Amino acid sequence: MEKRVLITTPYREKGERYEYWSSNVDRKITYTYDKNNSNGLRFLKKNIPQIDILEWSSWNEYKKALNEEDYDVVGFSFFTYEWPRTKKMVKEAKRQGVPEVWAGNYGALTYGVEEYFDRSFIGYSEQEVAEALGKEIDKIEHPMIVDYIGITGGIRGFPLGILFTTRGCSQGCEFCQTPKFCSEPYKLSLSSIEKVLRKYNKAGIDEILVEDESFGLYPKHTDKVISLLEKYDMNWYAMTRVDILSKNLDEWHERGFVGVHLGVESLHQDSLDDIGKNIDVRETLDLLNRLEEKNSFVIGYYMIGFEEDTVDSIKKSIKKLKKYSIDLIQLCVMTPFPKTPLWHDIKEKYGIIENDWSKWNTKHLVWNHPKISQKEMRDVLGWGFKKAYTHLKFLKSPTKHYFRRKERYGHVRTTSKMIKDFIISNLGADVDIRS
Ligand code: SF4
């Protein structure tokens, strides 16, 4: 008999949400990007339809799910900062007699969690999970995953189709867990990419966010993926590295690229060299200027709290950074995540001072910084949230969107397109998770 399997994310408290903008800015009105889909769970469900998935349910919904089904296995997909809630869920599963519990996602790399689980899956694990259930997956199929961009107050503007074209990264930046999670990058098949693009196109979605760790890793594959994006007339955003984008920006811009999630990390070359990021600050700044000329939307990850940082130096960097046309600066406190080279380095030199894993979300100082206290870091982060996101930025993003779409189509959005986007985004025309 087939095993009954539930894979779940951590629960959420009533009214709680993970919204990307408000996690990084302190303004009354901002754009919104709620994350209500778990990419990993959608991939698992698409490729192993027999499993049940639960995405950010309430605590009671989770208990009810355990109660109503006799699951043989409950798997937990979580990040390090979600471990305290996950631990509570694991205990509940055991209390209700679930015979086997599994750990997955980056949280499985957290020190000390292994003892709570019967099995841990490190990396993208459709194949391993299928094998554990006596199945085989011939080729990974890409599910539809749709997120929505909106504005404070709950109005959604347009849908965004999520796309993965490769997985993993072997670059070895010292702060990053990806090389431990998936050290051997690989490509997703073009046929599954085309299938999902066709579905997005059919659903009226023409904005795609490529969430590869580093889009552009394989030039030939990238070229073929972009040809598919062109075939379905998509506007696309990509998560990628400075050096890759710098080399390809002009061509990609001609082929539908509209924006980027970029790891700026630091404006100080020494800091970048220390963390093994292997990029040149001058190249980053030049790239930011070129992106502005092209009206490209930019989310820039910026790390604060390097060893040599002080509160003043952080403030100076943020003031400098804010002069560039970055639509959203995601400020992250340098965090030595488990199993990274940075963990060992920081632990040995300064010591870890935060035992509460829920604070390991890059918005808290978790180690004994030589020049900044935890309170000072909280304050400077709050200062940065306000300072880095000005009203001008709020107004500039739609202007970029306007000019970019006008350049491509001669208009921004036809009235019928706007109505369609509104219906898809707000009136429940959601996408079936098995599609
Ligand atoms: S930060 Fe980006 S480039 Fe560096 S190892 Fe991680 S995924 Fe790779």
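All figures in this text were calculated on a predicted structure; none of them were measured in a lab. Start at 1 and go down the list; that is how both ligands and their atoms are numbered.
- No more than 12 heavy atoms of other residues, nucleotides or ligands sit less than 6.0 Å from atom NZ of Lys180.
- Residue-level proximity to ligand 1 for Pro179 is carried by the side chain, the only part with a heavy atom below 4.0 angstrom.
- At a 4.0 Å cut-off, at least one heavy atom of Lys277 sits close enough to ligand 1 to count as contact.
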Go through the steps to decide whether Lys400 and Ser325 satisfy the test side chain to side chain donor-acceptor pair (under 3.5 Å), and finish with yes or no.
CA-CA 10 Å; Lys400 285 182 177 179; Ser325 184; 3.1 Å; yes

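- Taking a cut-off of under 4.0 Å to the non-hydrogen atoms of Gln171, the atoms of ligand 1 that pass are 3 (S), 5 (S), 8 (Fe).
- Under a 4.0 angstrom heavy-atom cut-off, Gly263 registers as lying outside contact with ligand 1.
- The nearest non-hydrogen atom to atom 5 (S) of ligand 1, considering only Gly276, Cys173, Ser214, Ser183, comes from Cys173.
- Within the listing of ligand 1, atoms 5 (S) sit less than 4.0 angstrom from a heavy atom of Gly172.
- Taking every non-hydrogen atom of Cys169 and a distance limit under 4.0 Å, the qualifying atoms of ligand 1 come out as 3 (S), 5 (S), 7 (S), 8 (Fe).
- With Tyr124 as reference, Phe181 is the one residue of Phe164, Tyr106, Phe181, Phe43 to meet the ring-ring contact (aromatic ring centres under 6.0 Å, His included) rule.
- A distance of 4.0 Å separates CD of Glu230 from CZ of Arg255, quoted to the nearest 0.5 Å.
- Atoms of ligand 1 found under 4.0 Å from any heavy atom of Arg241 (numbered from 1 in listed order, with element): 3 (S).
- Summarising the local packing, CG of Leu395 is surrounded by more than 12 heavy atoms from other residues, nucleotides or ligands at distances under 6.0 Å.
- Distance check for Cys176 against atom 6 (Fe) of ligand 1: an N/O/S atom falls below 2.8 Å.
- Cation-pi check for Arg85 over Tyr11 is met; the charged atom lies under 6.0 angstrom from the ring centroid and within 45 degrees of its normal.
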